[in-house]
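What's counted below: heavy atoms across the whole structure, side chains too, no hydrogens, waters or symmetry copies.
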Amino acid sequence: MVSGVLKASLNELNLSLTLLSGQAFRWRKRNDKQVWFGVIDSFVFDLRQNAELQTIEWTLLNHASNGNKRRKLNEEDINDILIDYFNLNYSLSDLYNEWSKVDENFAKIAPNFLGVRVLRQNPHENLLSFICSSNNNIQRISKMIESLCTKYGTFLMTDDEFGDIHAFPEIKALCNADVEADLRKLGFGYRSKFIAKSAKMVEEKSKTTEWLLSLREKKYDDAHFELMQLSGVGAKVADCVCLMSLDKSEAIPVDTHVWQIATKMYLPHLKKNKSLTDKAYKEVADFFRHRFGDKAGWAHSVLFCSDLRQFKK
DNA sequence: GCCGACCCTGGCA
DNA sequence: TGCCAGGGTCGG
């Protein structure tokens, strides 16, 4: 076990809001209600927010057994992993100030939702998680992801409270013929086919370089278009992946919540729409980009978070 | 561009 | 018990 401390105030990173806001689905609170338990790549972490000291106290639980055995990781290496995952190289409070100036609605909501950060996730995990998200709720998505890891992911460690912990599966592990049927048995429903198909497509595109990761170097429009060629990936899921793991902070995933917010607060004329057409989707997304600027996706995440049922008072 | 179908589950009447 | 919504997508 290794432990360390990361500098981060509650305004810059609110762990509870960020980890429960439906970006990542593998974070759980320990029984003591203080410590967050989760997996980043092959690293299993306990995280505790210390608001007074403005720090995140972390413990790497599987230091001896993690997959990266080339050299022993020191405290600084692990700090870097967390800084990268939590995207800590931007000042969030500065952005909140800018967004509050240009948007009354944001200014009203922001004080109750400080520190909602967009994570920088592993693109494969991000993609497959959000293929599971269609017509689904956060609670069930989390259960599905956990069973996916247990069945196909590398064993990492056994935790006293949560039992055997596995890494998120490699794409390769989801490419054999039985995957679709097995996922059906695990309760993935019609998403089973999407996962099996998309895994094969990603694997096929990754013969020389990791295709999905390489989309970080492409422009937003191109990355979005390429993602939409995958099975079970429409405009919304493609935007989730662009925003949450491919560094496209201008991506705006327009889902039921964002649609509610947009028609209520910003674009009332869209209420007459029977369904969310491609055209309306683009209108909502463009509105957010125009109002909030090049990090509009981050502002969107704050508003999305405020609309989640579990966070409403 | 507009439906309806799609797996499954928890909440609510 | 029945109905509906939950971070949608696909095919006709």
*Asks:* Describe the nucleic acid contact of A:M244 in one word from base, sugar-phosphate, nothing, applying a heavy-atom distance below 4.0 Å.
*Replies:*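 Contact class for A:M244: base.
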
*Asks:* A:K279 near the nucleic acid: base, sugar-phosphate alone, or nothing, with a heavy-atom cut-off under 4.0 Å?
*Replies:* nothing

*Asks:* Between B:dA5 and C:dG7, how far apart are the two P atoms, rounded to whole Å?
*Replies:*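 The answer is 23 Å between these two P atoms.
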
*Asks:* So, do A:F106 and A:F113 have ring centers that fall under 6.0 Å from each other?
*Replies:*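 No - the distance between ring centres of A:F106 and A:F113 does not fall below the 6.0 Å cut-off.
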
*Asks:* Calculate the interatomic distance between A:K272 atom NZ and B:dG1 atom P; express it in whole Å.
*Replies:* 14 Å

*Asks:* In whole Å, I'd like the distance from the CZ atom of A:F288 to the P atom of C:dG7.
*Replies:*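 Taking CZ of A:F288 and P of C:dG7, I get 17 Å after rounding.
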
*Asks:* Classify the angle between the aromatic ring planes of A:Y266 and A:F287 as parallel (below 30°), tilted (30 to 60°) or perpendicular (above 60°).
*Replies:* tilted

*Asks:* Between A:S133 and C:dG6, is there a contact of a side-chain N or O with OP1 or OP2 at under 4.0 Å?
*Replies:*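 For A:S133, the contact criterion (side-chain N or O under 4.0 Å from OP1 or OP2 of C:dG6) is not met.
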
*Asks:* Measure CG/A:N126 against P/C:dG7 and give the value in whole Å, please.
*Replies:*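 Atom-to-atom, A:N126 to C:dG7, this comes out as 16 Å.
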
*Asks:* Tell me which residues in residues 219-237 of chain A lie within less than 4.0 Å of DNA chain B, going by non-hydrogen atoms.
*Replies:*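 Heavy-atom cutoff 4.0 Å gives no residues at all.
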
*Asks:* Examine C:dC10: is either OP1 or OP2 under 4.0 Å from a nitrogen or oxygen in the side chain of A:K197? Give yes or no.
*Replies:* no

*Asks:* Taking the P atom of each, how far is C:dG12 from B:dC7, in whole Å?
*Replies:* 15 Å

*Asks:* Select one nucleotide: of C:dG7, B:dG10, B:dC7, the one nearest the side-chain heavy atoms of A:R191.
*Replies:* B:dC7

*Asks:* Has the side chain of A:R140 got a donor or acceptor atom sitting under 3.5 Å from an opposite partner on the base of B:dC7?
*Replies:* yes

*Asks:* Run through A:S301, A:S249, A:S21 and flag the one making a side chain to side chain contact (heavy atoms under 4.5 Å, CB included) with A:V118.
*Replies:* A:S301

*Asks:* Within the 4.0 Å heavy-atom criterion, would you say A:S301 contacts the bases, only the backbone, or no part of the nucleic acid?
*Replies:*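 Touches nothing.
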
*Asks:* More 5' along DNA chain B: A:K143 or A:S134, using each one's nearest nucleotide?
*Replies:* A:S134

*Asks:* With both distances kept under 3.5 Å, what pairs with C:dG11, Watson-Crick or G-U wobble?
*Replies:* B:dC3

*Asks:* How long is the line joining CZ of A:F130 and C1' of C:dT9, in whole Å?
*Replies:*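 Taking CZ of A:F130 and C1' of C:dT9, I get 15 Å after rounding.
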
*Asks:* Heavy atoms only, 4.0 Å cut-off, all strands: where does A:G187 land among base, sugar-phosphate and nothing?
*Replies:* sugar-phosphate

*Asks:* Rounded to the nearest angstrom, tell me the gap between atom CG in A:N137 and atom P in B:dT9.
*Replies:* 11 Å

*Asks:* Under 3.5 Å, is there an N or O donor on one side and an acceptor on the other linking the side chain of A:Y190 and the base of C:dG8?
*Replies:*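 Check passes, donor-acceptor contact within cut-off.
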
*Asks:* Taking the nucleotide of DNA chain C with the closest heavy atom to each, which residue, A:F194 or A:F304, is nearer the 5' end?
*Replies:* A:F304

*Asks:* Check whether more than 12 heavy atoms from other residues, nucleotides or ligands sit under 6.0 Å from atom NZ of A:K295, and answer yes or no.
*Replies:*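 Enclosed.
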
*Asks:* By ring-ring contact (aromatic ring centres under 6.0 Å, His included), which residues pair with A:H124, not counting sequence neighbours?
*Replies:*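 Partners of A:H124 by the ring-ring contact (aromatic ring centres under 6.0 Å, His included) criterion come out as none, since no residue qualifies.
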
*Asks:* Roughly, in whole Å, what's the span from NZ in A:K185 to C1' in B:dC7?
*Replies:*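 A:K185 atom NZ is separated from B:dC7 atom C1' by 16 Å.
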
*Asks:* Starting from C1' on C:dG8, measure out to CH2 on A:W259 and report it in whole angstrom.
*Replies:*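 Those two atoms, CH2 and C1', are 14 Å apart.
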
*Asks:* Have a look at A:R184 and say if it touches a base, only the backbone sugar-phosphate, or nothing, with a 4.0 Å heavy-atom cut-off.
*Replies:*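 Answer is sugar-phosphate: A:R184 comes under 4.0 Å of backbone atoms only.
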
*Asks:* How long is the span from the CG atom in A:L17 to the CG atom in A:L10, to the nearest 0.5 Å?
*Replies:*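 A:L17 atom CG to A:L10 atom CG measures 8.0 Å (nearest 0.5 Å).
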
*Asks:* Can A:R28 be said to sit on top of A:F162's aromatic six-ring, NZ or CZ under 6.0 Å from centre and within 45° of the ring axis?
*Replies:* yes

*Asks:* Check the distance between B:dC7's P and A:I131's CD1 and give it to me in whole angstrom.
*Replies:* 16 Å

*Asks:* Scan for side-chain hydrogen bond (donor to acceptor under 3.5 Å, both in side chains) pairs involving residues 44-56 of chain A, sequence neighbours excluded, and state none if there are none.
*Replies:*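 Every pair satisfying side-chain hydrogen bond (donor to acceptor under 3.5 Å, both in side chains) with a residue in residues 44-56 of chain A: A:R30-A:D46, A:N50-A:E57.
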
